[in-house]
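Below is one structure, written out as structure tokens; comments come after it.
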Amino acid sequence: MEMRVMTDGKRRKSLAVAAAVLGGVLVLSACNDDTGGSASGSPTPPSQSQVDEAAEAAKTSKAQITIAPKTGTQNASINNDAKVTVTEGKLTDVTMTSAEGTAVKGEIAADGLSWKPSEQLERATVYKIAATATDAAGLEAHENSSFTTVSKANSFIGNFTPEDGSTVGVGMPVSINFNKAITDKAAVQGGITVTSSAGQEVVGHWFNGQRLDFRPEKYWTEGSTVTLKLDLDGVEGADGVFGVQQKTVTFKIGRNQVSTVDVATKTMTVTQDGKTIKTIPISAGSPDNPTYNGQMVISEKFKETRMNGATVGFTDDDGKGEYDIKDVPHAMRLSTSGTFIHGNYWGPDSIFGSANTSHGCVGLNDVKGAGDPNQQAAWLYDHSIVGDVVIVQNSKDKTIAPDNGLNGWNMSWADWKAGSEA
């Protein structure tokens, strides 16, 4: 269920699935079926076509949720753009918050078919909308969107992560995305400082004219406090375009948790403060759709979310997505292009730890509805926070690009410092 922006042509489809039910017949493992399996008695991994068939056969909600503005929209209206609608179902819950966590009031229409905010939005603000709907059969569908409202033509702002007052993992960089291209990078970086209470050296790196990230050479020290100061009021970032922000942000670094996925052995080892606390069987990307190698940082968490192949260009002849799972459980984003580590309820138990069958994501055993805390995916979700590190190794794919998500750790310290304008 990989939701990747297609930059290198068609990449992997990230549906971490295996054929659990085909034509209503349970696929048996070799130990129960004398006609199949390998000579060693281990289960025969399902084919990719079986995987795709099983996903399509999974019973999902007919409700179709549309959120406006679309994810990634810049300069959205502060008055009229935000709206949620649904067909073939009724909205049951819609939440809208600013990037800093401030809730926006809104109302679901009496007929349950639409929602809109009941107050004016702020200028130059990132907003997130999460919507849930049910169809006539009571099956839920989920949709999420994030967009930025309009700002004044002669000013720029930097939308930053993490949020003020938050507690994050040791891999979380300070990432600032400017709403306008910056041509005087030295002046802008000179108006920004990031410091650690642990005394670590923190350096900024420009990925392009609109993104500036800060990190230390090694992961943040657990238990430390990081302070971001934006002193950009009056700073000319481009010809005739001035900064308006004067803000101080602090966030805490939590325990040191790192999860290492070994694609070859199909296992994930979770450590906290250097000690192994859990080993989990996984199913990573198939040989045709391998998972990226490298150090990745959890940037978002969704208890349930929709993954649709059409959003990343994977469509059938009829134009519909090759896969469309509306209730993927315990999903945590690892890249902007759509790499997730998430629960998989449609694959048989036998694939986890024995076969890599996904379309690029890392899948863990789970149940439909994300309601069983004893499942492996639920455990990892409950024990993970934004900023935790997930390392993938021994995959046949390349190392993930440092700017594909919050993944600058895949760049050497020398190369990182070379991208600074301080």
Side-chain angles (χ1 to χ4, degrees), residues 1 3 5 56 58-151 159 163 179 300-316 318-331 333 338 340 342 368-371:
M1 292 134 318
M3 297 207 162
V5 176
E56 285 296 316
K59 192 174 183 181
T60 59
S61 176
K62 293 182 179 180
Q64 298 286 336
I65 303 171
T66 301
I67 300 179
K70 294 181 179 179
T71 289
T73 296
Q74 300 287 323
N75 298 320
S77 169
I78 63 173
N79 296 299
N80 303 314
D81 281 1
K83 187 176 183 181
V84 181
T85 58
V86 65
T87 59
E88 298 191 65
K90 297 290 183 70
L91 292 170
T92 56
D93 184 64
V94 179
T95 59
M96 183 177 184
T97 57
S98 70
E100 296 180 347
T102 303
V104 176
K105 295 180 180 179
E107 295 180 354
I108 296 176
D111 59 7
L113 300 179
S114 64
W115 174 95
K116 62 180 181 180
S118 56
E119 59 187 57
Q120 187 183 66
L121 306 183
E122 297 293 330
R123 290 185 181 272
T125 301
V126 177
Y127 286 97
K128 296 181 180 182
I129 297 178
T132 302
T134 57
D135 63 9
L139 297 174
E140 288 189 343
H142 304 268
E143 193 72 63
N144 298 276
S145 181
S146 177
F147 61 93
T148 305
T149 51
V150 67
S151 61
N159 298 307
E163 298 173 4
N179 65 334
E300 291 184 291
K301 295 178 64 181
F302 303 110
K303 187 172 183 181
E304 291 181 281
T305 194
R306 176 187 181 187
M307 295 186 180
N308 182 1
T311 63
V312 290
F314 295 115
T315 57
D316 293 321
D318 59 4
K320 295 182 178 180
E322 293 181 3
Y323 57 85
D324 188 0
I325 306 298
K326 299 176 182 177
D327 55 356
V328 178
H330 297 120
R333 182 183 290 277
F340 280 79
H342 61 76
K368 186 179 179 70

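As the structure is a computational prediction, the values presented were derived from the model and not from experiment.
Considering only heavy atoms from C-beta on, L139 stays 4.5 Å or farther from T60 through its side chain. Inter-residue side-chain proximity for S146 and V126 is flagged as met; some heavy-atom pair is nearer than 4.5 Å. A 4.5 Å side-chain heavy-atom check between I78 and E122 finds every atom pair outside the cut-off. Inter-residue side-chain proximity for K83 and T85 is flagged as met; some heavy-atom pair is nearer than 4.5 Å. Here the side chains of I325 and D327 are in contact, with some heavy-atom distance below 4.5 Å.
One finds the OG1 atom of T66 at 7.5 Å from the CD atom of E143 (value rounded to the nearest 0.5 Å). Here OG1 of T134 is found 11.0 Å from CG of D93. Values are rounded to the nearest 0.5 Å.
Considering all non-hydrogen atoms of both residues, N79 and S77 come closest at N-OG, 3.0 Å. The two residues S151 and N179 come nearest to each other via the heavy atoms OG-ND2, 2.6 Å. Across A76 and F147, no two heavy atoms sit closer than the pair CB-CD1, 3.7 Å. Between T149 and A124, the shortest heavy-atom distance links the atoms OG1-N, 3.1 Å. Shortest non-hydrogen contact noted between L121 and A82 is CD1-CB, 4.4 Å. The two residues G89 and V86 come nearest to each other via the heavy atoms O-CG1, 3.5 Å.
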Which atom pairs, one a donor and one an acceptor, fall under 3.5 Å between side chains of residues 102-118 and the rest of the protein, sequence neighbours left out?
from	atom 1	to	atom 2	distance (Å)
D111	OD1	L113	N	3.0
S118	OG	K105	O	3.3

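Salt bridge status for R333 with E300: present, with a side-chain N to carboxylate O gap under 4.0 Å.
In this structure Q64 satisfies the side chain to side chain contact (heavy atoms under 4.5 Å, CB included) test together with T87, R306, K326, sequence neighbours excluded.
The main-chain N or O of R123 is found under 3.5 Å from a side-chain atom of T125 such that the two form a donor-acceptor pair.
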Problem - Pair T305-H142, side-chain hydrogen bond (donor to acceptor under 3.5 Å, both in side chains): steps then yes or no - result: CA-CA 5 Å; T305 194; H142 304 268; over 6 Å; no

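No more than 12 heavy atoms of other residues, nucleotides or ligands sit less than 6.0 Å from atom NZ of K62.
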